[in-house]
A.B. asks: 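Dropping a structure here in structure tokens format, bear with me for questions.
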Amino acid sequence: MSTNSSYYLTFNDAFSSHEPLVPRKPFLLKNIQVLELFLALFAFIAIHSLRQKKHYGLPVWPFLGMLPSLAFGLRGNIYEWLTNILSRQNGTFRFRGPWLSSLNSTITCDPRNVEHLLKNRFSVYPKGSYFRDNLRDLLGDGIFNADDETWQRQRKTASIEFHSAKFRNLMTHSLYELVHKRLLLVLEASVKTSSPIDLQDVLLRLTFDNVCMIAFGVDPGCLGLDQPVIPFAKAFEDATEAAVCRFVMPTFVWKLMKWLNLGTEKMLKESIKGVDDFADEVIRTRKKELSLEEAAVCRFVMPTFVWKLMKWLNLGTEKMLKESIKGVDDFADEVIRTRKKELSLEGESTKRSDLLTVFMGLRDEKGGSFSDKFLRDICVNFILAGRDTSSVALSWFFWLLEKNPEVEEKIMVEMCKILRQRDDNGNGGKIDYEPVFRPEEIKKMDYLQAALSEALRLYPSVPVDHKEVQEDDVFPDGTVLKKGEKVIYAIYAMGRMEAIWGKDCREFRPERWLRDGRFMSESAYKFTAFNGGPRLCLGKDFAYYQMKSVAAAIVYRYKVMVVEGHKVEPKLALTMYMKHGLMVNLINRSVSEIDQYYAKTM
Ligand code: HEM
């Protein structure tokens, strides 16, 4: 027997001490052959899958599709990973998810395709059921999550409101209060204590308060010296984070997790309850307020003896007033006083003009008022739209500014020039070291607008967006699309394509937005940060005004220095937050420094 015999013996000892009936060598050989066969098959599949990378952009594995590569991409900066694939694939590629999953989609960053789906063939590319189902629990039938009639109706009403003078007043006034009465106090406190501050967190608080004032007419008070934890704000943040997880897992997995109330689905359920509790409370109170107001105003329009008689008899509107709240007379008197003032002194201008009030005053197609659920959906969607987008864009802007001091200098000089013009107009030529920029001055800041657009080009607040193909179609670049397929347009990648922005596409260069010193906007299908076509961002003008007001107030007063060693990277979420916030030290600008900038305007 060969030297291997001892091995055979040991192997068989456990079963029998007799010689085996079947010769052992062929048996082992068979095992080895099977193993070799498996190895060969694996090598063949691996080589075949890897070779497909050339054609499809990524290796395609049996059963798993491109999932292993996605998992790898998710470990780092997923947006950069996607940008690299898209530039290799000339702007469009098809992601193949695992079998039976819902992850198959066509991903593009080609402006021709983006224009095609956002404008030219708008009706063929709705948000679709996949997007809606994933976000239904959080966004319901609100504007972000709706298509067709439901979307059109909200868009039309909100659009009229966004362009009304009353609404614009509300937005600018609430912003002024937030910047000058809260933001600057919070920043000053950090300067006084020489402690670093998370600028992204502060900005998120500011825009959250701002958008709640606009949507609900309520100030949650997130931005304050003590940086309070507001349950609604926390619930909102958790809900958006948990909701995004549904997009990176097969539908049946999150549905099962939801059914079992596990993991991110449990978190989503709990946080949505927090959001709903707040929205319900605001809607209930506002309804009470409105009906009381109506009842109280009746006193104003009827002779005194009539309402007094009705009150005495406890009838009609007087009965309603009495029953609604305790101490109703005081309240009604107050409302009457206010309303009298409104009607006689200031006309319509001081009436509530938040979105909730506007939508409460409208009727649905059957002539009834909107349900509380629908009102809740409208408000939650507007908060989502306006909360994170501008604050996140501002955070990336300040980070880029520190890396590009020459841009910061140009912004300072522009602001000083604008203030000088004010001085020349009869303010005695004195330098204002604590200016409150007026709306018309904010609008004149072209260079600042260019710098903010440049930050949004490189770090768009919404890095990717989704559509669903309603009928078979072909993209302008020749990609064939089948009904029901998902399409992702990669906004982050679009900002970094040499083919679109030239060789210096990765540089922060605000000048690319200027012609003869004036800001020139780009095609919405090349610069897609605000979307384009019929679903162009409704808050775009306000967002620029808001970002410019905040940036001007901060840049003029402080040098913003990112804490040394602080890691800055994007987080995977619906909006492109900085994963670890933006820890900064603020340094007060001295009088002599500001004087130097003024000198440059001469
Ligand atoms: C830098 C700031 C902002 C950016 C980058 C931005 C970007 C966007 C984008 C990409 C969309 C399309 C989303 C989609 O359809 O999936 C959108 C839609 C929208 N945005 Fe903005 N937004 C900003 C600020 C605001 C603000 C401050 C408001 C309101 C106060 C607002 C209100 C809306 C609304 C209502 C929509 C839905 C439009 C529709 O579907 O018809 N946005 N925005």
Side-chain angles (χ1 to χ4, degrees), residues 114 117-118 122 125-128 130-132 134-135 139 141-148 150-163 167-168 170-172 174-175 178 203-204 206-216 244 247 354-355 359 377-397 449 452-468 487-492 494-495 524-525 527-551 574-577:
V114 173
L117 68 92
L118 287 181
F122 175 71
Y125 297 90
K127 295 249 167 168
Y130 174 73
F131 187 87
R132 240 195 332 273
N134 280 4
L135 292 178
L139 300 180
D141 291 322
I143 190 163
F144 261 124
N145 215 26
D147 284 318
D148 309 322
T150 323
W151 165 73
Q152 243 163 25
R153 204 176 157 75
Q154 291 178 67
R155 172 94 195 176
K156 204 167 144 201
T157 311
S159 175
I160 295 171
E161 190 58 10
F162 264 69
H163 291 101
F167 194 66
R168 280 170 186 249
L170 171 74
M171 292 200 281
T172 39
S174 57
L175 185 61
L178 282 166
L203 294 168
L204 281 167
L206 179 140
T207 48
F208 187 74
D209 284 352
N210 199 192
V211 78
C212 283
M213 289 172 178
I214 293 166
F216 283 137
V244 84
F247 286 96
D354 56 88
L355 280 170
F359 276 95
D377 291 349
I378 291 168
C379 295
V380 166
N381 277 259
F382 273 88
I383 291 173
L384 180 75
R387 181 185 92 116
D388 302 351
T389 40
S390 351
S391 41
V392 160
L394 277 167
S395 304
W396 289 105
F397 163 80
Q449 179 145 353
L452 285 162
S453 306
E454 188 67 347
L456 273 165
R457 177 180 73 83
L458 290 167
Y459 296 96
S461 311
V462 180
V464 290
D465 215 337
H466 309 245
K467 295 281 180 190
E468 202 167 288
V487 175
I488 295 174
Y489 49 112
I491 303 171
Y492 178 94
M494 286 187 87
Y525 312 104
F527 174 62
T528 324
F530 289 100
N531 222 31
R535 286 194 97 131
L536 176 76
C537 169
L538 261 178
K540 183 179 171 190
D541 291 346
F542 174 65
Y544 267 122
Y545 179 77
Q546 187 189 43
M547 290 187 294
K548 285 166 83 179
S549 305
V550 173
L574 290 178
T575 318
M576 202 155 73
Y577 300 96

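Start at 1 and go down the list; that is how both ligands and their atoms are numbered. Every heavy atom of this structure was used, including side-chain atoms; hydrogens, water molecules and symmetry mates were not.
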A.B. asks: Got a second to check how far Lys467's NZ is from Lys127's NZ, nearest 0.5 Å?
C.D. replies: 5.5 Å
A.B. asks: If you apply the rule salt bridge (charged side-chain N to carboxylate O under 4.0 Å, His left out), what do you find for Arg535 with Asp147, and how did you get there?
C.D. replies: CA-CA 10 Å; Arg535 286 194 97 131; Asp147 284 318; 3.3 Å; yes
A.B. asks: Answer yes or no: is there a side-chain heavy-atom contact under 4.5 Å between Ile383 and Cys212?
C.D. replies: yes
A.B. asks: May I ask you to list the atoms of ligand 1 that are less than 4.0 angstrom from any heavy atom of Ser461?
C.D. replies: 5 (C)
A.B. asks: Would you say Trp151 contacts ligand 1, with heavy atoms under 4.0 Å as the rule?
C.D. replies: yes
A.B. asks: Apply the side chain to side chain donor-acceptor pair (under 3.5 Å) test between Ser391 and each candidate in Thr575, Thr207, Asn210; give the one that qualifies.
C.D. replies: Thr207
A.B. asks: For ligand 1, is there an N or O atom under 3.5 Å from any N or O atom of Gln546?
C.D. replies: no
A.B. asks: Can you check whether Asp465 has an N/O within less than 3.5 Å of an N/O in ligand 1?
C.D. replies: yes
A.B. asks: Which bit of Val462 gets closer than 4.0 Å to ligand 1, counting heavy atoms only: side chain, backbone, both or neither?
C.D. replies: side chain
A.B. asks: For atom 23 (C) of ligand 1, which protein heavy atom lies nearest, and how many Å away is it?
C.D. replies: Thr389 OG1, 3.4 Å
A.B. asks: Considering the heavy atoms of Phe162, write down every atom of ligand 1 situated less than 4.0 Å from one of them.
C.D. replies: 29 (C), 30 (C)
A.B. asks: Would the distance check show the side chain of Glu161 and the main-chain N or O of Leu355 forming a donor-acceptor pair, the cut-off being under 3.5 Å?
C.D. replies: no
A.B. asks: Any side-chain donor paired with an acceptor under 3.5 Å for Ser453 and Tyr544?
C.D. replies: yes
A.B. asks: Tell me if a side-chain donor or acceptor on Asp465 pairs with a main-chain N or O of Tyr489 at a distance below 3.5 Å.
C.D. replies: no
A.B. asks: Taking it one step at a time, do His466 and Phe247 satisfy ring pair (Phe, Tyr, Trp, His ring centres under 6.0 Å)?
C.D. replies: CA-CA 10 Å; His466 309 245; Phe247 286 96; 4.9 Å; yes
A.B. asks: Where is the nearest protein heavy atom to atom 4 (C) of ligand 1: which residue, which atom, and how far?
C.D. replies: Phe530 CE2, 3.5 Å
A.B. asks: Out of Leu204, Leu178, Leu175, which one pairs with Asp209 under the side-chain contact (heavy atoms from CB on, under 4.5 Å) rule?
C.D. replies: Leu178
A.B. asks: With heavy atoms under 4.0 Å as the rule, classify the contact between Ala529 and ligand 1 as side chain, backbone, both or neither.
C.D. replies: backbone
A.B. asks: Of all the atoms in ligand 1, which lie at a distance below 4.0 Å from a heavy atom belonging to Lys127?
C.D. replies: 14 (C), 15 (O), 16 (O)
A.B. asks: Which residue supplies the protein heavy atom nearest to atom 25 (C) of ligand 1, what is that atom called, and how far is it?
C.D. replies: Ala385 O, 3.6 Å
A.B. asks: Can you sort out the partners of Gln449 under side-chain hydrogen bond (donor to acceptor under 3.5 Å, both in side chains), two or more places apart, ordered by chain and number?
C.D. replies: Lys548
A.B. asks: For ligand 1, which atoms have a heavy atom of Ala543 less than 4.0 angstrom away?
C.D. replies: 2 (C), 24 (C)
A.B. asks: Counting from 1, what ligand 1 atoms have a heavy atom of Phe144 closer than 4.0 Å?
C.D. replies: 13 (C), 14 (C), 18 (C), 19 (C)
A.B. asks: Got a donor-acceptor contact below 3.5 angstrom from the Thr157 side chain to the Gln154 backbone?
C.D. replies: no
A.B. asks: Are Ile214 and ligand 1 in contact, using a heavy-atom cut-off of under 4.0 Å?
C.D. replies: no
A.B. asks: Can you sort out which atoms of ligand 1 are near Arg155, meaning under 4.0 Å from one of its heavy atoms?
C.D. replies: 38 (C), 39 (C), 41 (O)
A.B. asks: Parallel, tilted or perpendicular: which one describes the rings of Tyr492 and Tyr459, with boundaries at 30° and 60°?
C.D. replies: perpendicular
A.B. asks: Taking a cutoff of less than 4.0 Å between a non-hydrogen atom of the residue and any ligand atom, is Ser390 in contact with ligand 1?
C.D. replies: yes
A.B. asks: Evaluate the ring pair (Phe, Tyr, Trp, His ring centres under 6.0 Å) criterion for residues Phe122 and Trp151: first the C-alpha distance (whole Å), next the side-chain angles of each, then the deciding distance (0.1 Å), finally the verdict.
C.D. replies: CA-CA 13 Å; Phe122 175 71; Trp151 165 73; 5.6 Å; yes
A.B. asks: What residue and heavy atom of the protein are closest to atom 40 (O) of ligand 1, and at what distance?
C.D. replies: Arg535 NE, 3.0 Å
A.B. asks: Around atom 11 (C) of ligand 1, find the nearest protein heavy atom and jot down its residue, atom name and distance.
C.D. replies: Asn531 CB, 3.9 Å
A.B. asks: Could you tell me, atom by atom, which parts of ligand 1 come under 4.0 Å of a heavy atom of Phe382?
C.D. replies: 35 (C)
A.B. asks: Quick one: which ligand 1 atoms are inside 4.0 Å of a heavy atom on Gly386?
C.D. replies: 26 (C), 27 (C), 28 (C)
A.B. asks: Between Ser453, Gly539, Cys537, flag the one that comes closest to atom 43 (N) of ligand 1 by a heavy atom.
C.D. replies: Cys537
